[in-house]
There are 2 protein chains.
Amino acid sequence: MGNLYRFVEPVVLLLLKKKGRSYGYDLSGELHKHALTDAEIERAALYRTLRQLEVNGNVVSEWETDDSGPARRVYRLTAQGERHLEEWATVLEHVSKSMNRFVRDTKNLLNGKTSRKKARPA
Amino acid sequence: MGNLYRFVEPVVLLLLKKKGRSYGYDLSGELHKHALTDAEIERAALYRTLRQLEVNGNVVSEWETDDSGPARRVYRLTAQGERHLEEWATVLEHVSKSMNRFVRDTKNLLNGKTSRKKARPA
DNA sequence: GGCTCTACGTGCGATGTGCATCTATTTCGC
DNA sequence: GCGAAATAGATGCACATCGCACGTAGAGCC
């Protein structure tokens, strides 16, 4: 898995795939809707993640000055970025299953269950 | 959630609950069976996590010199540690669901699906 | 002209991580 | 009986990461 980045990276990749193209300030308003934890995602973390994704060739950016307001650095996924998103999905699918197992095991232990399933008593 | 510790903390709590009492070197051999990611869990991280758990009152330890071999620092959960484990289960259940949603969304996007479900073509 | 909103960042101290290393005791091979 | 390996716990340090604060700048508003 390498680094966690508080799972900012995969969410950014997904959002970029979904929107086609976008920029930091815009993404920051939608990140929480797809976030994997309820921890707030810092703007600083977002900007740094985007730059890192570009350094690694997963996205490319260009300045957009046409519209109103300050210039925007607009990002879009590269082909490699799409593969990277797919890899994240594979990894997170695996982690999700592990977490489910953890939750099941924990609940069984804390409720003092044996291995058989049984309806909860009133 | 606070800190992630590469998810060492919750796994240690679960193992301690399961085994009743144990010590670092013993736990290190079983951690990978319950680990949430396939990243190797460093011994250093384990020892430091155990100490941190004790500082926060989630476990208590005592030296055991009776048996063969070098002295062992044997840990067991406190009542607070059990609650902490339960909290972890709640958090991870939530994260697991978020990850599942992420995986579903990603696969739909990458396969170019619309919203309807459909059997895979051969 | 000043205030607010949009937009992109950086600086820096605090914390966390990985790798290597250290100490000490016991057991095993021979 | 002696050295090697296993058991057991822990630290040192360089480096990465994180959160918070701060900095810069253009556009629109009144």
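Every heavy atom of this structure was used, including side-chain atoms; hydrogens, water molecules and symmetry mates were not. Computed from a predicted structure; not experimentally measured. Here is how names work: the chains are called A, B, and so on, in the same order as the sequence lines, proteins then strands, and each is numbered from 1.
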Distance, rounded to the nearest Å, where A/Glu40 contributes CD and D/dC18 contributes P: 14 Å
A/Arg72: salt bridge (Lys or Arg N to Asp or Glu O under 4.0 Å) partners, not counting sequence neighbours: A/Glu64, A/Asp67
N or O in side chain of A/Tyr25 less than 4.0 angstrom from C/dT6 OP1/OP2: yes
Selection from C/dC8, C/dG9, D/dG9 that lies nearest to any side-chain heavy atom of A/Tyr75: C/dG9
Which residues share a side-chain contact (heavy atoms from CB on, under 4.5 Å) with A/Glu30, sequence neighbours left out: A/Leu15, A/Lys19, A/Asp26, A/Lys33
Value in whole Å for how far the P atom of C/dC5 lies from CZ of A/Arg43: 12 Å
A/Ile41 side, atom CD1; A/Leu27 side, atom CG - distance, nearest 0.5 Å: 10.5 Å
Proximity to the side chain of B/Arg72 - top-ranked nucleotide from D/dA10, D/dA8, C/dC8: D/dA8
Distance in angstrom units between B/Leu46 CG and D/dA10 C1', rounded: 11 Å
Counterpart residues, side-chain hydrogen bond (donor to acceptor under 3.5 Å, both in side chains), relative to B/Thr90 (two or more places apart): none
Nucleotide C/dC19, atom P - distance to CD1 of B/Ile41 in whole Å: 14 Å
Integer-rounded Å distance: D/dA8 P and B/Leu50 CG: 14 Å
Distance test, side-chain N/O of A/Tyr23 to OP1/OP2 of C/dC8, below 4.0 Å: no
Residue-phosphate contact under 4.0 Å: B/Tyr47 side-chain N/O, D/dA10 OP1/OP2: no
Along DNA chain D (nearest heavy atom to each residue), the more 5'-positioned of A/Ala44 and B/Asp26: B/Asp26
A/Ser61: side-chain hydrogen bond (donor to acceptor under 3.5 Å, both in side chains) partners, not counting sequence neighbours: A/Glu54, A/Arg73
Name every donor-acceptor pair, under 3.5 Å, that has one atom in a side chain of residues 94-102 of chain B and the other anywhere in the protein, sequence neighbours excluded.
residue	atom	partner	partner atom	Å
B/Ser96	OG	A/Ser96	O	3.1
B/Ser96	OG	A/Ser96	OG	3.1
B/Ser98	OG	B/His94	O	3.2

Heavy-atom side-chain contact between A/Val60 and A/Arg76 under 4.5 Å: yes
Between D/dC18 (C1') and A/Glu9 (CD): distance, integer Å: 16 Å
Nucleotide of C/dG18, C/dC8, D/dC20 approaching B/Glu42 most closely (side-chain heavy atoms): C/dG18
Rounded distance in Å - CH2 (B/Trp63) to C1' (D/dA8): 8 Å
5′-ward residue of the pair A/Arg73/A/Arg48 relative to DNA chain C: A/Arg73
Length of the line joining B/Glu64:CD and D/dG9:P, which is rounded to integer Å: 10 Å
Table of protein N/O atoms under 3.5 Å from nucleotides 25-30 of chain D N/O atoms:
none

